[in-house]
2 protein chains.
Amino acid sequence: MARKQTSTYSSNEQYLTPCDLTYALGKIGGRWKLQILDKLEQGKMRYSDLRRDFMHITERMLTLQLRAMERDGLLRRSVYAGVPVRVEYELSDMAIELGPILKQLSLWGKRNRTDTGIETNKDRNF
Amino acid sequence: MARKQTSTYSSNEQYLTPCDLTYALGKIGGRWKLQILDKLEQGKMRYSDLRRDFMHITERMLTLQLRAMERDGLLRRSVYAGVPVRVEYELSDMAIELGPILKQLSLWGKRNRTDTGIETNKDRNF
DNA sequence: GCCATTACTTACATGAATGTGTGTAACGAA
DNA sequence: TTCGTTACACACATTCATGTAAGTAATGGC
């Protein structure tokens with residue numbers, strides 16, 4: 001969030017940050033965040049469970065996305081000490097509120113898809 | 001859209017394209033697209049008008065975003081031959097449908113903003 | 001012929017997001 | 001003592017998005 005303040009790229013953020021919509025989209029903007037959100041709608045999960053379910057996401061990216069979502073208030077992270085450690089992730093109220101809105105966006109996308117021949121997900125909520 | 005198909009980055013798209021929500025977010029994902037969408041809600045505009053209103057957006061980026069939005073069906077682009085040329089951009093029906101949904105997302109963002117001290121826009125629809 | 005205007009286009013440079021591979025702490029089990 | 005498990009952290013490489021600066025076609029006005 002707090003960047004170097006030198007480059008044009010960074011200073012252009014002044015035109016973006018006042019917008020609540022840009023802010024909202026920023027929170028879900030990572031490449032794997034929607035999949036994580038979707039999976040966690042089924043309930044609390046351990047880090048290792050997420051890893052298993054998302055074999056295509058590298059550990060680094062999974063951790064980065066989870067931590068960003070935690071910082072942004074989308075996830076709650078609980079650490080249970082012991083060996084080995086147990087870490088659980090679950091959706092916050094804020095993230096749960098987001099569900100229905102994203103569902104609408106998803107339907108808009110489905111209605112207006114022009115790239116035919118792509119098999120869209122039936123088993124995914126959004 | 002059609003990328004090299006070689007790198008992991010590219011081949012990972014197979015896990016993203018089936019999702020209608022990812023597809024929808026992709027259409028509005030460019031850095032300046034929301035501002036353009038917002039501006040064009042007031043009606044049809046010439047390229048030069050957009051340029052004047054968005055002095056912080058370079059011509060290259062403005063053109064790129066406009067063309068991408070046209071390809072994605074969000075904008076209609078009309079060329080009126082003559083010298084100098086006149087080019088007008090306006091929202092498509094699909095883009096107009098999007099308005100209320102984005103408005104909801106924007107409100108969600110406003111409700112849940114944690115970065116206090118940032119003056120949010122009052123004069124912007126979303 | 002020369003300049004001005006509109007709506008771009010192109011080559012190049014920079015920055016951010018994502019991916020690769022290896023390393024680590026904490027301990028209990030063998 | 002070495003091994004295994006969990007949940008990461010770190011240094012480095014690649015790919016994509018964005019920004020910079022200059023050039024262009026068409027044509028009317030001077």
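Chain identifiers are assigned alphabetically (A, B, ...) following the order of the sequence lines, protein sequences preceding nucleic acid strands; residue numbering begins at 1 within each chain.
- For the atom pair CH2 (B:Trp32) and CG (A:Asn12), the distance works out to 4.0 Å, reported to the nearest 0.5 Å.
- Checked by atom type and distance alone, the side chain of B:Gln35 pairs as donor or acceptor with a backbone atom of A:Tyr15 at under 3.5 Å.
- Interatomic distance, B:Ser92 OG to A:Asn112 CG, rounded to the nearest 0.5 Å: 8.0 Å.
- The side chain of B:Ser10 places an N or O atom within less than 4.0 Å of a non-bridging phosphate oxygen (OP1 or OP2) of D:dC16.
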Give every donor-acceptor pair under 3.5 Å between a side-chain atom in residues 73-87 of chain B and any protein atom, sequence neighbours left out.
unit_1  : atom_1 : unit_2  : atom_2 : d
B:Arg77 : NE     : B:Tyr89 : OH     : 3.3
B:Arg86 : NH1    : B:Glu88 : OE2    : 2.9

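- Within the 4.5 Å cutoff, the side chain of A:Thr63 has heavy atoms near those of the A:Tyr47 side chain.
- Nearest nucleotide to the side chain of B:Ser7, out of C:dC8, D:dT15, D:dA9: D:dT15.
- Note: A:Ile57 CD1 to A:Arg31 CZ = 10.0 Å, rounded to the nearest 0.5 Å.
- In this structure, B:Leu16 places its CG atom 13 Å from C1' of C:dA17, rounding to the nearest Å.
- Whole-Å rounding puts the A:Tyr80 OH to D:dC8 P distance at 13 Å.
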Please enumerate all protein N or O atoms sitting under 3.5 Å from an N or O of nucleotides 4-7 of chain C, with distances to 0.1 Å.
unit_1 : atom_1 : unit_2  : atom_2 : d
C:dT6  : O3'    : B:Arg46 : NH2    : 3.2
C:dT6  : O3'    : B:Val85 : O      : 3.0
C:dA7  : OP1    : B:Arg46 : NE     : 3.2
C:dA7  : OP1    : B:Arg46 : NH2    : 3.0
C:dA7  : OP1    : B:Val87 : N      : 3.2
C:dA7  : OP2    : B:Ser48 : N      : 2.9
C:dA7  : OP2    : B:Ser48 : OG     : 2.9

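- B:Trp108 places a side-chain heavy atom less than 4.5 Å from the side chain of A:Lys27.
- Atoms CE (B:Met55) and C1' (D:dT20) sit 17 Å apart, rounded to a whole Å.
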Report, one pair per line, the protein and nucleotides 18-21 of chain C atoms (nitrogen or oxygen only) whose separation is under 3.5 Å.
unit_1 : atom_1 : unit_2  : atom_2 : d
C:dT18 : OP1    : A:Arg31 : N      : 3.0
C:dT18 : O4     : A:Arg60 : NH2    : 3.2
C:dG19 : OP1    : A:Arg31 : NH1    : 3.1
C:dG19 : OP1    : B:Asn12 : ND2    : 2.5
C:dG19 : OP2    : A:Trp32 : NE1    : 3.2
C:dG19 : N7     : A:Arg60 : NE     : 3.2
C:dG19 : O6     : A:Arg60 : NE     : 2.8
C:dG19 : O6     : A:Arg60 : NH2    : 3.1
C:dT20 : OP1    : B:Thr8  : OG1    : 2.8

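- A distance-only check finds a donor-acceptor pair linking the side chain of B:Gln14 to the backbone of B:Ser11 [under 3.5 Å].
- B:Leu66 places its CG atom 15 Å from the C1' atom of C:dT9, with the value rounded to the nearest Å.
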